[in-house]
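Along the sequence shown, the residues carry numbers beginning at 1.
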Amino acid sequence: MRKNHLKLKVVAFLTFAILFSGFNFGIPAAAQEASRTKVIGKPTPAPTISPTPQPSATPTLSPTPTPTPTPIQTVADLQSKIRQMLARPELRRGSVGVKIVSLDTNRTIFEENAQKYFMPASNMKSYTVAAALEKLSPDFRFVTSVYASMTPDASGTIRGDLSVYGRGDVSFSTAFEGGDSSTKLNALADKIVQAGVKRIEGNLVGDESYFTGSPIPYSWEWDDLQWKSGAEISALPVNDNLVELVVKPSAANAACFVQTLPVNAIVKIVNRCQTATTGTQREIRVTKKLDQNILEISGTMPLGDAGYTGNVTVSRPAQFFVEMLRGLLIQKGVTITGQNKVINASEKSFSGIASLPPIEIAKLESPPFSIVAAKTMKPSQNAYTETILWTLGEHTGRQQELVSATDEAAVKKLQKTSSAELGAKVVQKFLNEIGIAPDSVIQWDGSGLSRHNLITPDSAVALYTYMSKSRYAAVWRESLTVGGVDGTLQNRFKGTVAANNIRGKTGTIDQVSTLSGYVTTAAGERLVFSILVNGVSNVRTRQAAIDEIVVALASFNGKP
């Protein structure tokens with residue numbers, strides 16, 4: 001009886017326990033789920049229980065988990081990703097052209113509007129510099145010569161003018177001389193002194209007649225001409241044809257301190273800038289008179305302001321060259337009785353001067369073109385590129401045209417053709433030689449500052465493909481800016497797989513951003529690409545769209 005009673009108690013207890021477990025006492029199911037899955041700190045791993053008792057007391061170690069393999073992408077995956085990027089609403093009102101080709105298989109990976117025209121901005125430099133590498137060679141050097149009608153006599157005197165004849169040596173510049181543009185001018189002055197010159201009884205003449213045509217390329221916009229991007233072109237360039245403008249506060253309600261460096265008598269300053277009280281906002285304006293070396297500085301700069309420093313262009317930079325050279329010659333003890341003079345091609349033709357003085361008493365060469373090319377492409381230097389184009393026109397184009405000129409009319413026509421026009425013809429001929437359609441590149445200048453230039457993504461890819469196999473491929477590659485490392489890509493692609501990987505040429509003007517070049521995928525595939533964005537107002541939006549595509553290419557782990 002007692003056993004039956006005990007059995008009834010157990011049954012009752014079990015029944016109550018089962019019913020009790022069905023209640024949640026008002027705790028929501030979601031909260032219960034959360035309370036089951038939430039981990040505070042590092043969880044203690046559950047012990048492994050073997051179904052069969054082990055004789056050893058040695059604990060059982062869990063096996064190391066196998067890493068999940070990265071999925072291999074297909075070309076279709078990559079194409080879909082790029083299409084999604086191009087479909088972003090912020091690009092909808094603009095135009096984007098893309099072409100991507102494998103250098104290893106020659107297969108086209110992706111293209112969009114590849115045959116359409118786009119403004120290239122500084123991607124235009126790729127065409128100019130590539131043609132110059134092929135036609136001038138990486139070993140080409142720009143030469144500056146010093147001529148006189150006689151050699152110095154026993155006393156070191158030259159009776160007559162001393163003429164410095166320039167051929168576009170851009171290396172009279174801080175970019176080549178460790179920050180001091182006078183270093184190379186000083187070397188030229190030394191060459192003159194070493195030739196025995198102690199006294200010049202005549203003028204110091206800067207002859208920039210090697211180049212013909214307007215010193216400002218046609219189709220450049222006037223508001224570019226004041227700043228570094230719009231510097232004039234000259235056969236006697238110096239300091240990138242710029243002066244450094246420094247504006248600082250002085251005393252309250254007094255004129256600001258204004259200076260141009262290097263100190264010179266060429267650039268005149270009209271200072272209307274006033275020093276304001278501490279805490280006010282800086283409002284200064286810098287205006288350069290077109291075709292004049294007059295700088296007007298107006299507005300206010302508060303006390304305590306760090307000051308403004310910027311580069312402003314110099315009109316007729318050959319005058320700047322001659323003045324700086326004269327000062328160095330005088331420092332070295334050379335007496336010059338005459339004035340400084342500058343003569344260009346049109347003035348030389350008008351005056352009836354047919355040739356240079358007969359005796360070359362000194363000369364100075366530039367570094368090899370391989371170095372000039374890199375100093376041009378990486379920082380995207382406009383004046384250098386125009387100088388390269390004009391040099392192509394004179395060194396290669398004019399000589400070829402003279403050979404083919406069959407009559408006097410052809411010769412006269414050639415004499416009226418500018419260095420820039422002849423240079424563009426050389427570039428066009430080169431592009432035709434490597435199989436690029438003549439109508440796929442419309443060139444108005446060498447640098448891309450002109451808004452009239454037009455290229456296609458297809459032509460850019462064809463150019464970069466050719467140059468990757470050129471006899472000068474290594475020099476070409478070294479001229480290109482490297483993502484996250486140098487030049488105009490120094491601050492882009494950092495921290496991505498494209499850093500120290502993508503090499504190419506950027507381009508940026510109002511409404512335009514471009515990038516053409518090379519990138520290696522995660523699978524080791526070498527790609528050549530061109531991405532041109534036009535008609536999108538925000539520069540960050542344009543660059544972000546380009547960079548996102550390039551990173552996707554660098555991350556691609558599949559095979560075409």
*Would you list the pairs meeting salt bridge (Lys or Arg N to Asp or Glu O under 4.0 Å) in which at least one residue belongs to residues 387-397, sequence neighbours left out?*
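Residue pairs with at least one partner in residues 387-397: Glu394-Arg398.
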If we ignore angles and hydrogens, is there a donor and acceptor under 3.5 Å between the side chains of [X] and [Y]?
| X | Y | result |
| --- | --- | --- |
| Ser229 | Asn382 | no |
| Ser366 | Ser171 | no |
| Lys125 | Ser380 | yes |
| Gln79 | Thr74 | no |
| Ser250 | Thr275 | yes |
| Thr108 | Glu111 | no |
| Asp445 | Trp220 | yes |
| Ser126 | Tyr464 | yes |
| Ser80 | Asp77 | no |
| Gln274 | Thr300 | no |
| Ser173 | Asp240 | yes |
| Glu232 | Thr313 | no |
| Lys288 | Ser315 | yes |

*Provide the closest heavy-atom pair for Leu553 versus Leu78 in the form atom of the first, atom of the second, distance.*
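Residues Leu553 and Leu78, closest heavy atoms: CD2-CD2, 3.9 Å.
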*Closest heavy-atom contact between Asn557 and Pro71?*
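Taking every non-hydrogen atom into account, ND2-O, 3.0 Å.
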*Any chance you could lay out the side chain to side chain donor-acceptor pair (under 3.5 Å) test for Ser447 and Glu386, step after step, and finish with the verdict?*
CA-CA 6 Å; Ser447 63; Glu386 299 304 331; 2.7 Å; yes
*Salt bridge check: are Lys416 and Glu421 linked by an N-O gap of less than 4.0 Å?*
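Here Lys416 does not pair with Glu421 in a salt bridge, since their nearest N and O are not under 4.0 Å apart.
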*How are the rings of Phe176 and Tyr384 set to each other: parallel, tilted or perpendicular (split at 30° and 60°)?*
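It falls in the tilted class, 30° to 60°.
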*Only one of Arg492, Lys494, Arg540, Arg542 clears salt bridge (charged side-chain N to carboxylate O under 4.0 Å, His left out) with Asp547; which?*
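Output: one option passes, namely Arg492.
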*Got a sec, which residues hit salt bridge (charged side-chain N to carboxylate O under 4.0 Å, His left out) with Asp510, two or more places apart in sequence or on another chain?*
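Asp510 satisfies salt bridge (charged side-chain N to carboxylate O under 4.0 Å, His left out) with no other residue.
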